[in-house]
Undergrad: 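Sharing a structure, written as structure tokens. Questions coming.
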Amino acid sequence: MDKRYFSDKVVEWYELNKRDLPWRTTRDPYKIWLSEIILQQTRVIQGLPYYLRFIEKFPTVQALASASEQEVLRMWQGLGYYTRARNLHKCAKEVISKYRGVFPDTFEELKKLPGIGDYTAAAIASFSYQEKVAVVDGNVFRVLARIFGIEKETNSPEGKKYFTQVANELIKKENPDAHNQAVMEFGALHCVPVNPACSECIFQTTCFASQKNLQTQLPVKVKAKAARARYFYYFVFQKGKSMLMKKRDQKDIWHGLYDFHLIEKNKFKNPAKLIAEDVHLKKFADAASVVSKKYKHVLSHQIIHATFIIIKSNSAFQDDKNLKFYSVKKISELPKPVLISRFLEDNHLL
DNA sequence: AACTCGGGGTG
DNA sequence: CACCCAGAGTT
């Protein structure tokens, strides 16, 4: 695909196929900003009713800034990612206090506001103020990767930098707003992640991916190695000033090091949720009784700590360096993972 | 650099 | 059901 024609072609497609959305008929930075914050990680279908309710209730940034955080959060409920709502409110207040109620008009200045990162700053700067700066979101990654055959990883710092550079080479100073909207809309409606309709595409003969049949291979993402989870239920016994510890198996993680007595359970679908449920507490109680039977000689000890931890490793637990604590859930007073780590490093009994 | 946020969609 | 999505902020 010749880079000289890309912008004109995709904008031409956009004018014929774009959806009618309320924030596309305004240059009011407040409305543009609000829509962009709502649409982060959110589909248009889901975000639209929220946008309409917000505009109705808070027609101006002043109105939003005057509201309480509780009120804003209540309006936001159901959308998820609630720090977006907190930052939304915080940002509105900053626009009032630091910018006299007017959103700054440059990419760099917009980025200083809470909740506004590279993408949102570029969106506001181009849609509201026609600054020539390219938006780079998931749609842009996909469209550029396929059409121009870019095989760099979209989720590495270098890849993101490269895509941003290419996107900014393609954008034109005459219509940065339409160009940005066009690329994203093309990605959202036509150059979709799964089963794109390449046979009906305006770029069919010039698109790298279409010609080489690599639509499913592009864009390239770094595949995080799947980390396997193991569920350890720890019990810490104490008598006087001594704590009971156990030397670990040489063939397992932390081979030969000491840790507390534990019971390993196969699997819980979502331990973070189970922790609050009776079913989990029951399993925990079962595990505790098993320990009591198995270690009769320590019955005179008192169980002072009980916890379960999940550990995750992406290399079949062969290498200690690849193991990290994934989460620790508090059941009663419990040793923090750092405490456990220190024992392991010290490799001795207290 | 890797994790977290949280809904919804998908295989 | 597990897995994926994808910007911004945090560590």
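Throughout, a chain's letter reflects where its sequence line sits, starting with A, and its residues are numbered from 1. Everything numeric here is computed off the predicted structure, so don't read it as measured data. Excluded from the calculations below are hydrogen atoms, water molecules and symmetry mates; all remaining heavy atoms, backbone and side chain alike, are included.
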Undergrad: On a whole-Å scale, what distance lies between the P atoms belonging to C/dA6 and B/dG11?
TA: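 To the nearest whole Å, 14 Å.
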Undergrad: Would you mind classifying the nucleic acid contact of A/Tyr119 as base, sugar-phosphate or nothing, using non-hydrogen atoms under 4.0 angstrom?
TA: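 Contact class for A/Tyr119: sugar-phosphate only.
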Undergrad: What is the separation between atom CD on A/Glu153 and atom P on B/dA2, rounded to the nearest whole Å?
TA: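 Rounding to the nearest Å, CD of A/Glu153 and P of B/dA2 are 11 Å apart.
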Undergrad: Among residues 35-48 of chain A, which contact DNA chain C at a heavy-atom distance under 4.0 Å?
TA: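 Within residues 35-48 of chain A, the residues near DNA chain C are A/Gln40, A/Gln41.
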Undergrad: Taking only side-chain nitrogens and oxygens of A/Lys221, does any of them come within less than 4.0 Å of OP1 or OP2 of C/dC5?
TA: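 Yes, within the criterion.
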Undergrad: In whole Å, what separates the C1' atom of C/dA8 from that of B/dG9?
TA: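 Rounded to whole Å, the distance is 22 Å.
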Undergrad: Is atom CG of A/Asp2 surrounded by more than 12 heavy atoms (other residues, nucleotides or ligands) closer than 6.0 Å?
TA: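 More than 12 heavy atoms, drawn from other residues, nucleotides or ligands, come within 6.0 Å of this atom.
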Undergrad: Under 4.0 Å, heavy atoms only, any strand: does A/Pro157 hit a base, just the sugar-phosphate, or nothing?
TA: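 Sugar-phosphate, no base atom in range.
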Undergrad: Among B/dG6, C/dG7, B/dA1, find the nucleotide with the atom closest to the side chain of A/Phe141.
TA: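 Taking heavy atoms from C-beta onward, the closest nucleotide is C/dG7.
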Undergrad: Specify whether A/Tyr30 and A/Phe103 have parallel, tilted or perpendicular ring planes, treating 30° as the upper limit for parallel and 60° as the lower limit for perpendicular.
TA: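 Plane angle between 30° and 60°, so tilted.
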Undergrad: CG of A/Asn155 versus P of C/dC4: gap in Å, rounded?
TA: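 It is 12 Å, rounded to the nearest whole Å.
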Undergrad: Expressed in angstrom and rounded to an integer, what is the separation of A/Asn180 atom CG from C/dG7 atom P?
TA: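 Whole-Å distance recorded here is 13 Å.
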Undergrad: Going through the distances and angles, do A/Gln211 and A/Thr205 end up as a side chain to side chain contact (heavy atoms under 4.5 Å, CB included)?
TA: CA-CA 7 Å; A/Gln211 287 174 300; A/Thr205 59; 5.6 Å; no
Undergrad: Would you say B/dG7 has OP1 or OP2 under 4.0 Å from some side-chain N or O of A/Tyr82?
TA: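 The answer is yes; a side-chain N or O of A/Tyr82 sits under 4.0 Å from OP1 or OP2.
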Undergrad: Side-chain N or O of A/Thr120 versus OP1/OP2 of C/dA8: is the shortest distance under 4.0 Å?
TA: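 Checking A/Thr120 against C/dA8: at least one side-chain N or O falls below 4.0 Å of OP1 or OP2.
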Undergrad: Name the residue closer to the 5' end of DNA chain B, choosing between A/Val194 and A/Thr83 according to the nucleotide with the nearest heavy atom.
TA: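 Closer to the 5' end of DNA chain B: A/Thr83.
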Undergrad: Do you see a donor-acceptor pair shorter than 3.5 Å between the side chains of A/Tyr119 and A/Gln40?
TA: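 Judged by distance alone, the side chains do not pair up.
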Undergrad: Nearest whole angstrom, please: distance from the C1' of C/dA8 to the CZ of A/Arg86.
TA: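 Answer to the nearest Å: 15 Å.
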Undergrad: Starting at OH of A/Tyr81 and ending at P of B/dG8, how long is that distance when rounded to a whole Å?
TA: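 Distance, rounded to whole Å: 13 Å.
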Undergrad: Of all the choices, B/dA1, C/dG7, C/dA8, which nucleotide is nearest to the side chain of A/Asp137 once you look at every atom?
TA: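 Between B/dA1, C/dG7, C/dA8, the one nearest the side chain of A/Asp137 would be C/dG7.
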Undergrad: Scan residues 137-175 of chain A for pairs that pass ring pair (Phe, Tyr, Trp, His ring centres under 6.0 Å), counting only residues two or more places apart or in two chains.
TA: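 Of all non-adjacent pairs touching residues 137-175 of chain A, those that pass ring pair (Phe, Tyr, Trp, His ring centres under 6.0 Å) are A/Phe6-A/Phe148, A/Phe141-A/Phe163.
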Undergrad: Using the benzene-type ring in the case of Trp, are the ring centres of A/Tyr50 and A/Trp76 under 6.0 Å apart?
TA: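 Aromatic pair excluded; centres sit 6.0 Å or further apart.
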Undergrad: Taking atom types as modelled, is there a side-chain donor on A/Arg142 or A/Asn139 under 3.5 Å from an acceptor on the other?
TA: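 Yes - a donor-acceptor pair under 3.5 Å links their side chains.
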Undergrad: With DNA chain C as reference, determine whether A/Arg142 or A/Gly115 sits nearer its 5' end, using the nearest nucleotide of each.
TA: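 Per heavy-atom nearest nucleotide, the more 5' residue is A/Arg142.
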